[in-house]
Amino acid sequence: MSLMAKRWEELADIKRVLARRDWFPGTSGNLAIKVDNEPVSFLVTASGKDKTKETNEDFLLVDSKGLPVGETHLKPSAETLLHVEIFNKTNAGCSLHVHTVDNNVISELYGDKGSITFKGQEIIKAYGLWDEDAEFTIPIIYNHAHIPTLAADFAEFVKEDAGAVLIRNHGITAWGRDALEAKKYLEASEFLFSYHLKLLAFKRALV
Ligand SMILES: CSC[C@@H](O)[C@@H](O)C(=O)COP(=O)(O)O
Ligand SMILES: [Zn+2]
């Protein structure tokens with residue numbers, strides 16, 4: 001099996017799992033996986049598709065600028081430039097973007113603060129943080145409609161090979177060295193968002 005076919009399968013597997021969780025409402029979300037390093041090329045979801053469906057036109061190959069490699073009628077995700085920043089600035093191998101109600105509510109609640117920090121939660125270990133007092137901070141950026149501006153703001157927080165950034169009232173992008181790590185960061189983040197919102201609601205109900 002070619003490397004490209006292997007990466008396609010890996011990304012298709014993740015897409016299937018995330019779709020079962022309803023993490024692609026209204027055609028939202030996009031996924032990317034690196035195929036080559038020099039020069040950088042990666043598979044990215046085609047724009048505007050129903051990501052709960054599986055077809056052989058789900059992904060297309062793009063270059064380090066996010067432009068399609070070869071002739072295709074497919075359009076790369078509108079947010080390809082964010083994945084471009086990740087693959088050009090780090091050694092990440094996979095990048096995942098989803099819109100969920102929980103990540104949108106968290107981004108709105110903490111948007112003015114510019115970030116949310118989690119600590120004292122076992123699942124923080126999913127970020128590779130094993131200390132008892134470890135903290136994980138997720139930056140929250142403004143949702144510029146102009147994608148190059150959004151990508152430039154986003155790039156400021158892309159420093160490590162694995163990480164996560166919230167876009168206010170839009171969604172989260174999480175990445176990692178490989179598909180497993182990217183998925184782990186995404187799932188840990190969504191777990192923490194959901195836990196945090198439940199806790200806030202119960203605390204309020206108990207007063
Ligand atoms: C209909 S969701 C809004 C989209 O503009 C975008 O935020 C998104 O996540 C999906 O865009 P896509 O171009 O399909 O990758
Ligand atoms: Zn989006």
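Every number for a ligand or one of its atoms is a count from 1 in the order of the listing. Residue numbers run from 1 in the order of the sequence given.
Among all non-hydrogen protein atoms, the one lying nearest atom 13 (O) of ligand 1 is S47 OG, 2.6 Å. Nearest protein heavy-atom neighbour of atom 6 (C) of ligand 1: E79 OE2, 3.1 Å. Among protein heavy atoms, the minimum distance from atom 3 (C) of ligand 1 is reached at H99 CE1, 4.0 Å. Counting protein heavy atoms only, atom 11 (O) of ligand 1 is closest to N30 ND2, 4.0 Å.
Looking at ligand 1, you'll find an N or O of G29 within less than 3.5 Å of one of its N or O atoms. Here's the thing with T45: none of its N/O atoms is less than 3.5 angstrom from an N/O atom of ligand 1. At a 3.5 angstrom cut-off on N or O pairs, K49 does not count as close to ligand 1.
Applying the 4.0 Å criterion to heavy atoms of S77 picks out, from ligand 1, the atoms 12 (P), 13 (O), 15 (O). Within ligand 1, the atoms closer than 4.0 Å to a non-hydrogen atom of A78 are 12 (P), 13 (O), 15 (O), numbered from 1 in the order shown. Those atoms of ligand 1 that come under 4.0 Å of a heavy atom in S28, given as number and element, are 2 (S), 9 (O), 10 (C). With ligand atoms numbered from 1 in the order given, ligand 1 contributes 1 (C), 10 (C), 14 (O) to contacts under 4.0 Å with heavy atoms of T27. Listed by atom number, the atoms of ligand 1 under 4.0 Å from K51 heavy atoms are 10 (C), 12 (P), 14 (O), 15 (O). Interface atoms of ligand 1 facing G26, defined by a heavy-atom separation under 4.0 Å, are 1 (C). Here is the list of ligand 1 atoms found below 4.0 Å of a heavy atom in H97: 9 (O). Short contacts between ligand 1 and G48, defined as distances under 4.0 Å to a heavy atom of the residue, involve ligand atoms 12 (P), 13 (O), 14 (O).
Proximity of H170 to ligand 1 is established by a heavy-atom distance of less than 4.0 Å.
With salt bridges taken as basic N to acidic carboxylate O contacts below 4.0 Å, none links E85 and K89. Between E187 and R21, at least one side-chain N (NZ, or NE/NH1/NH2) sits under 4.0 Å from a carboxylate O, which counts as a salt bridge. In summary, R168 and D112 engage in a salt bridge, as defined by a charged side-chain N under 4.0 Å from a carboxylate O.
Residues H144 and D153 have side chains that bring a donor and an acceptor to within less than 3.5 angstrom of each other. Between the side chains of T117 and T137, at least one donor-acceptor pair of N or O atoms lies under 3.5 Å.
Formation of a donor-acceptor pair under 3.5 Å by the S189 side chain with backbone atoms of Y185 is found in this model. Not a single donor-acceptor pair under 3.5 Å links the side chain of D102 to the backbone N or O of L197. Checking side-chain atoms of W175 against main-chain N and O of E160 turns up a donor-acceptor pair under 3.5 Å. Without hydrogens or angle criteria, K34 side chain to R7 main chain gives no donor-acceptor distance under 3.5 Å. In this structure a side-chain-to-backbone donor-acceptor pair under 3.5 Å is present from N104 to H170.
In this structure the side chain of H83 reaches within 4.5 angstrom of the side chain of N30, judged on heavy atoms.
Looking at K51, K15, R16 one by one, the single match for salt bridge (Lys or Arg N to Asp or Glu O under 4.0 Å) with D58 turns out to be K15.
A pairwise comparison of heavy atoms in I86 and A92 identifies CG2-CB, 3.5 Å as the closest pair.
Ordered by chain and number, E79 OE1, H97 NE2, H99 NE2, H170 NE2 make up the set of protein N, O or S atoms under 2.8 Å of the Zn ion (ligand 2).
When hydrophobic clusters are built by joining Ile, Leu, Val, Met, Phe, Trp and Tyr residues whose side-chain heavy atoms come closer than 4.5 Å, directly or via intermediates, L186 is grouped together with F59.
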